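See below for the structure under consideration.
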Amino acid sequence: MSGLSEDDVLQRADKAFQVYRYISAQKRAAFLHAIAAEIDNLTDDLIRIAAEETCLPEARLKNERGRTTNQLKAFAQLLQAGDWVQATIDTGDTERKPLPRPDLRKMLFPIGPVVVFGASNFPLAFSTAGGDTASALASGCTVVVKSHPAHPRTSALVSSAIREAIRQCGLPGDIFQEVSDTSIEAGQRLVQHRLTKAVAFTGSFQGGKALFDLAGKREEPIPVYAEMGSINPIVLLPGIMRESDTLPATLASSILLGVGQFCTNPGLLIALDTDGFTSFLHKLAAEMAQASPGNMLHTGIAAAYKHKKSEALHQKGVHTLIQEKTDTTERQGAPALALVDARDFIANPILKEEVFGPYSLIVKCEDEEELKRVVQSLKGQLTATVFGLPQELPVYREVIGLLQTRCGRLICNGVPTGVEVTKAMQHGGPYPSSTDSKFTSVGTDAIYRFVRPVCFQDFPEALLPPELQNKNELNIWRCVNNTWTRAAIQTFNLQQA
């Protein structure tokens, strides 16, 4: 918002929160539906501008627009069902000895203004009206978005759609605000402001860790839910490497998808040096060599990719399998594939860092024990994958178990690129892939980042939220005396009767 300081913005956000927190779930659901409709009303002007700013193809952006509006609708459905508040009731017992048991009722409530940092690689689905904003607004929190400098016009258009939805629904105007100041200092001030109650970030490790550290140094530390990237290891078992004719093409497509600009890009392949390994390498290299350099999101990402790729390819023991094309523009990134022995990989922390772009490193292991040591040397990941034939997967159960300890989403015989927006999705893993592996930034469970439980003890019926009242007029599922039910409660606070 031009002309307003970060303090002005957060003051407005907090004032709006004092109203918005009491808005019913049904009205919040209608608001989310209105945002989705207004984004659709932007027509293909939105797609055209986003394509101009990001170099992403129109087909990809249309799919991303659909994902953006669908996740808004998914959160609306969550609110309409009402069960997400986890209403829990333990009724009082005046007859209990030696002391009566109090009546206890608990549910989740929004925490306050949330600062969302827009992502560069998803200008719609992880940016201004993306999953972070949708989940925070669904929870009852107000939102301050710091738009990404790589697509300012796209962000402005989406912001206008949100503001129009606010107007239509008669809600406080400041429940959503956009800060277009691109400076690092502006972001720091937003995180450090005393009225900010949580931060959502998708981007680099360096950026996410800096925000996390800032939030931890506040007088009142707040959570920073940062998704900071991953190399997404894939373990290739011997049988499937030997017998699958489609595996090389499948992996190459995933590595090259979107010029490698996905946080779930498979940047590491781990395999045993057995029959079929050499043939697999040749086929994978041939598939990737066919790809031309692609335009990346912006020159900064392209420069970072070229630097990180060059650094990785010049490490001890690393052999380049695809010669880099030199005729790339300032914004383009050329595919790269390399090979390294397990011992050199384990000993070198640089090779375990994300190279954000169309790059992947193959680690060659002598035996299963060495493969296990490679997996154990990995840091936390968003995803991990195993490819294997049905009969060989059980043989490597221990390897699969080790992969599970390193990731938030474990995949069998499928590529990690492509993240379904569902309740069961987990997009977040052990540090440093994210700052809190207990939460997801994709799917409707993302709402739980922005709420906290409050317990009411011996409260009069009229002062309780509708979700906790005896009559349960909302007809939601509640856990009453350890049993899930929609039934009304017939007695209440007998000790006060």
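What you are looking at is a predicted structure, and each value in this text was computed from that prediction instead of being measured.
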Q: Could you list the residues that satisfy side-chain hydrogen bond (donor to acceptor under 3.5 Å, both in side chains) with N41, not counting sequence neighbours?
A: E38

Pairs of donor and acceptor atoms involving the side chains of residues 255-283, under 3.5 Å and at least two apart or interchain, shall be tabulated with distances.
| unit_1 | atom_1 | unit_2 | atom_2 | d |
| --- | --- | --- | --- | --- |
| Q261 | OE1 | L297 | N | 2.8 |
| Q261 | NE2 | G258 | O | 3.0 |
| N265 | ND2 | G357 | O | 3.2 |

Q | Validation row: H151, H298 side chains within 4.5 angstrom (heavy atoms) | A | no

Q: Would you indicate whether the side-chain heavy atoms of D213 and K209 approach each other to under 4.5 Å?
A: yes

Q | V386 vs L236 side-chain heavy atoms within contact, under 4.5 Å | A | no

(Q) Please determine whether the number of non-hydrogen atoms from other residues, nucleotides or ligands lying under 6.0 Å from atom CD of Q391 exceeds 12. (A) yes

With a 3.5 Å cut-off and sequence neighbours excluded, list the donor-acceptor pairs that the side chains of residues 132-143 form with protein atoms.
| unit_1 | atom_1 | unit_2 | atom_2 | d |
| --- | --- | --- | --- | --- |
| D132 | OD1 | R449 | NH1 | 2.9 |
| D132 | OD1 | R449 | NH2 | 3.0 |
| T133 | OG1 | T128 | O | 2.9 |
| S135 | OG | G131 | O | 2.7 |
| S135 | OG | D132 | O | 3.1 |
| S135 | OG | R449 | NH2 | 3.0 |
| S139 | OG | A136 | O | 2.7 |
| S139 | OG | C141 | N | 3.4 |
| T142 | OG1 | A13 | O | 3.1 |

Q) Considering residues, nucleotides and ligands other than Q188, do more than 12 of their heavy atoms fall under 6.0 Å from its CD? A) yes

Q.
Check this for me: R331, atom CZ, are more than 12 non-hydrogen atoms of other residues, nucleotides or ligands nearer than 6.0 Å?
A. yes

Q. So do I362 and V340 actually touch side chain to side chain, heavy atoms under 4.5 Å?
A. no

Q: Taking ring-ring contact (aromatic ring centres under 6.0 Å, His included) as the test, write out the residues that go with H427, two or more places apart.
A: none

Q. Got a sec, which pairs hit side-chain hydrogen bond (donor to acceptor under 3.5 Å, both in side chains) with one end in residues 65-81, sequence neighbours left out?
A. D44-R65

(Q) Could you report the tightest heavy-atom contact between K309 and Y359, atom names first, then the distance? (A) CG-CD1, 4.2 Å

Q. Of the non-hydrogen atoms in G216 and P221, which two are nearest, and what is the gap between them?
A. O-CG, 4.0 Å

Q) Who pairs with K364 by salt bridge (Lys or Arg N to Asp or Glu O under 4.0 Å), at least two apart in sequence or on another chain? A) D341

Q. Looking at side-chain heavy atoms only, is the closest gap between Q86 and Y448 below 4.5 Å?
A. yes

Q | Neighbour count >12 (heavy atoms, 6.0 Å) for atom CG, D245 | A | no

Q. More than 12 non-hydrogen atoms from neighbouring residues, nucleotides or ligands closer than 6.0 Å to CZ on R452, yes or no?
A. no

Q: Please name all residues satisfying side-chain hydrogen bond (donor to acceptor under 3.5 Å, both in side chains) with S434, sequence neighbours left out, ordered by chain then number.
A: none

Q: Determine, using ring centers only, whether F439 and Y225 are less than 6.0 Å apart.
A: yes

Q: List the steps and the verdict of side-chain hydrogen bond (donor to acceptor under 3.5 Å, both in side chains) for S230 and Q381.
A: CA-CA 5 Å; S230 176; Q381 308 291 326; 2.8 Å; yes

Between side-chain atoms of residues 393-409 and protein atoms elsewhere (two or more places apart, or another chain), which donor-acceptor pairs fall under 3.5 Å?
| unit_1 | atom_1 | unit_2 | atom_2 | d |
| --- | --- | --- | --- | --- |
| E398 | OE1 | K372 | NZ | 2.9 |
| E398 | OE2 | K372 | NZ | 3.4 |
| T405 | OG1 | L402 | O | 2.6 |
| R406 | NE | V375 | O | 3.4 |
| R406 | NE | L378 | O | 2.9 |
| R406 | NH2 | Q376 | O | 2.7 |
| R409 | NH2 | P416 | O | 2.9 |

Q: Would you indicate whether Y305, at its atom OH, is surrounded by more than 12 heavy atoms from other residues, nucleotides or ligands within a distance under 6.0 Å?
A: yes

**Q.** Which residues share a salt bridge (Lys or Arg N to Asp or Glu O under 4.0 Å) with E164, sequence neighbours left out
**A.** R167

Q: Using a 4.5 Å cut-off on heavy atoms from C-beta on, say whether the side chain of S377 contacts that of I346.
A: yes

Q: Decide yes or no for T202 and F122: does some side-chain heavy atom of the first lie under 4.5 Å from some side-chain heavy atom of the second?
A: no

Q.
Under a plain distance cut-off of 3.5 Å, with no hydrogens placed, do N232 and T383 share a side-chain donor-acceptor pair?
A. yes

**Q.** Donor on one side chain, acceptor on other, T154 and E53, under 3.5 Å
**A.** yes

**Q.** Positive for side-chain contact (heavy atoms from CB on, under 4.5 Å) with F387, one of I234, L237, I411
**A.** I234

Which side-chain N or O atoms in residues 156-163 pair as donor and acceptor under 3.5 Å with protein atoms at least two apart or in another chain?
| unit_1 | atom_1 | unit_2 | atom_2 | d |
| --- | --- | --- | --- | --- |
| S159 | OG | S155 | O | 3.0 |
| S159 | OG | E178 | OE1 | 2.8 |
| S160 | OG | L157 | O | 2.4 |

Q | H148: side-chain hydrogen bond (donor to acceptor under 3.5 Å, both in side chains) partners, not counting sequence neighbours | A | none

Q | I447 side chain reached by L78 side chain, heavy atoms, under 4.5 Å | A | yes

Q: Please say whether more than 12 non-hydrogen atoms of neighbouring residues, nucleotides or ligands are located less than 6.0 Å from NZ in K379.
A: no

Q) E6: what forms a salt bridge (Lys or Arg N to Asp or Glu O under 4.0 Å) with it, not counting sequence neighbours? A) R189

